[in-house]
Amino acid sequence: MARAQTDLPNDFPDRVIREGLLQPDNLRALLRAVAPTVADHLAYERLQVAKPAALLDDWRKRERDLLVRIPFRDASGREVLICVLVEHQSTADQAMPLRLLVYAVLYWEQEWRAWEEHHERGQPLRLTPVIPVVLHTGQVAWDASRRLADLFEAPDEFKAWLPEWRMPLWDLPEHTAEELLRSGEPWWQALAVARAEREPPEEFQRVLREAMRQIEPLGTTRPVYWNQLLRMVLYWSLYRRPGREHAGLIEAARASQSDVRLKEEVTTMSHTLGQTWEEELCEKFSKRFREEYRAKEEELRAKEEELRAKEAELRAKEAALAEARGENAGYRETLRRVLEVRFPSLPEAVTQRIAAAEVDWLKAAVLRALKVASPEELLQP
């Protein structure tokens, strides 16, 4: 079948996943899969999102996908604040264990700095535990490193010194669409659509209908949650499938809902997502055009400034030359008059020398003309 459309917003899967995991039920479903001993002891209703932090060096412009703070209740009822760091990947990344560690260290560094600036005397430094999770939704199984130690090539004698940093991974290709549909978790049921991304049109449409049918009850009991899942399903359907399938996919999503209101919401959101996509594409190309236009303007302005500078330089040279010419003419005329008063005639050689002379020679010749015995003496050094 045809591959996904091109020129789509590059970050759309990350946005969909990030928005989805801010829904407590979805984050709980993910943690139950990768950290089951922790998942059911978190106060998801008190979830707080940490600000994204830009990395340094090679990752200078990157930001972590999602870092949230959540209270953890242990068996005794004591609460401890922990962090959950989730990175969404569409492709495998060899450096992922290291990236997760750097993200966590940057967060711990912020806590360290805050402690240094505000802690009371005797108050110990305490860092917040971070659970790193990778959610991989690519169509090819993850074949890259899963532990930080995998990134080291060291002999056995050094293994005791290698850092341990677990990287829990949920890998979409390890699960079938049917398994996800039968999971009973709306989050995984919605991701079944992502799992079927490369299936033939008929199979993809079947998975879409079944996923929508499974989550339909939420449209009545939890409409906000249903709306968020619908957005995710439609994103994957409309952004990952060829344009010729879109009308059929929208109709399949509508037909899967028995409630008339939900059918209309599918239509409305499909239209909204289509507009959003077009607007993002227009904005992307418009931004590129504006940047290129500004660069051309700057280049033209620089050239105009250069031309103006050269014009000013030429005008200055012309003025100086005109001034020099006027000064030369004045001294030539003065010299001729002095010589004509003193001598009855001027030799041709003297006349030619006066006509070709520069202003400095003419100035000196005027003074000498009052003393020389003959015009020819002016030609002598």
Side-chain angles (χ1 to χ4, degrees), residues 5-15 51-65 95 99 102 106 239 243 274-381:
Q5 296 187 31
T6 57
D7 291 332
L8 298 173
N10 292 331
D11 64 341
F12 101 84
D14 292 334
R15 276 187 289 164
K51 293 181 179 180
L55 286 178
L56 306 175
D57 300 329
D58 289 344
W59 299 303
R60 186 172 298 278
K61 294 183 179 179
R62 292 192 59 89
E63 294 182 348
R64 60 199 176 208
D65 284 342
R99 281 178 51 196
V102 173
L106 285 175
Y239 280 16
Q275 284 186 323
T276 302
W277 175 23
E278 292 173 359
E279 288 169 0
E280 288 188 5
L281 290 178
C282 289
E283 176 61 23
K284 179 177 71 172
F285 290 117
S286 177
K287 181 180 179 181
R288 182 190 305 172
F289 174 78
R290 289 195 301 270
E291 290 173 350
E292 292 176 353
Y293 181 76
R294 281 195 294 268
K296 289 291 183 184
E297 276 191 326
E298 290 296 327
E299 183 181 349
L300 287 174
R301 275 196 291 268
K303 288 182 177 179
E304 287 175 355
E305 289 293 332
E306 184 180 353
L307 287 174
R308 279 195 289 267
K310 287 183 177 179
E311 286 178 355
E313 182 181 353
L314 286 174
R315 283 195 296 269
K317 287 181 178 179
E318 288 175 354
L321 184 58
E323 182 180 354
R325 285 172 180 166
E327 191 176 12
N328 284 3
Y331 278 108
R332 285 192 186 96
E333 183 63 23
T334 301
L335 181 58
R336 285 195 191 95
R337 289 183 178 181
V338 171
L339 291 174
E340 288 172 352
V341 169
R342 295 198 60 206
F343 305 103
S345 64
L346 298 178
E348 182 65 24
V350 174
T351 303
Q352 291 179 357
R353 181 70 181 90
I354 293 173
E358 297 294 334
V359 67
D360 291 339
W361 186 87
L362 292 170
K363 288 180 180 179
V366 169
L367 297 176
R368 291 179 64 196
L370 298 172
K371 303 176 182 178
V372 296
S374 67
E376 287 82 359
E377 288 185 30
L378 293 176
L379 302 180
Q380 298 174 3

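All values derive from a computational prediction rather than experimental measurement. Index from 1, following the sequence.
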Subject >> Closest heavy-atom pair and its distance - L335, W361 >> reply: CD2-CZ3, 4.0 Å
Original post:
Could E299 and K303 be called an ion pair, given the rule that one side-chain N must be under 4.0 Å from one carboxylate O?
Top reply: yes
**OP:** Give, for atom CG of L367 and atom CG of L362, the distance between the pair rounded to the nearest 0.5 Å.
**Re:** 11.5 Å
**OP:** State whether E311 and R308 are salt-bridged, where the test is any N-O pair (Lys NZ or Arg NE/NH1/NH2 against Asp/Glu carboxylate O) under 4.0 Å.
**Re:** no
**OP:** Take atom CD of E340 as the centre, draw a 6.0 Å sphere, and report whether it contains more than 12 heavy atoms from other residues, nucleotides or ligands.
**Re:** yes
Subject >> Side chains of V350 and I354 in contact at under 4.5 Å (non-hydrogen atoms) >> reply: yes
Subject >> Within 6.0 angstrom of R368 CZ, more than 12 heavy atoms from elsewhere >> reply: yes
Original post:
Where is the tightest heavy-atom contact between L378 and A365, given as atom of each residue plus distance?
Top reply: CD2-O, 3.9 Å
Original post:
When you measure from the side chain of R332 to the backbone N and O of A357, does any donor-acceptor pair fall under 3.5 Å?
Top reply: yes
Original post:
Nearest 0.5 Å, what's the CG-CD distance between L307 and E304?
Top reply: 7.5 Å
Subject >> P347 to E376 - nearest heavy-atom pair and separation >> reply: CG-OE2, 2.9 Å
Original post:
Taking all non-hydrogen atoms of both residues, which atom of P375 and which atom of L346 are closest, and how far apart?
Top reply: CG-CD2, 4.1 Å
Subject >> Shortest non-hydrogen contact from R342 toward V372 >> reply: NH1-O, 2.9 Å
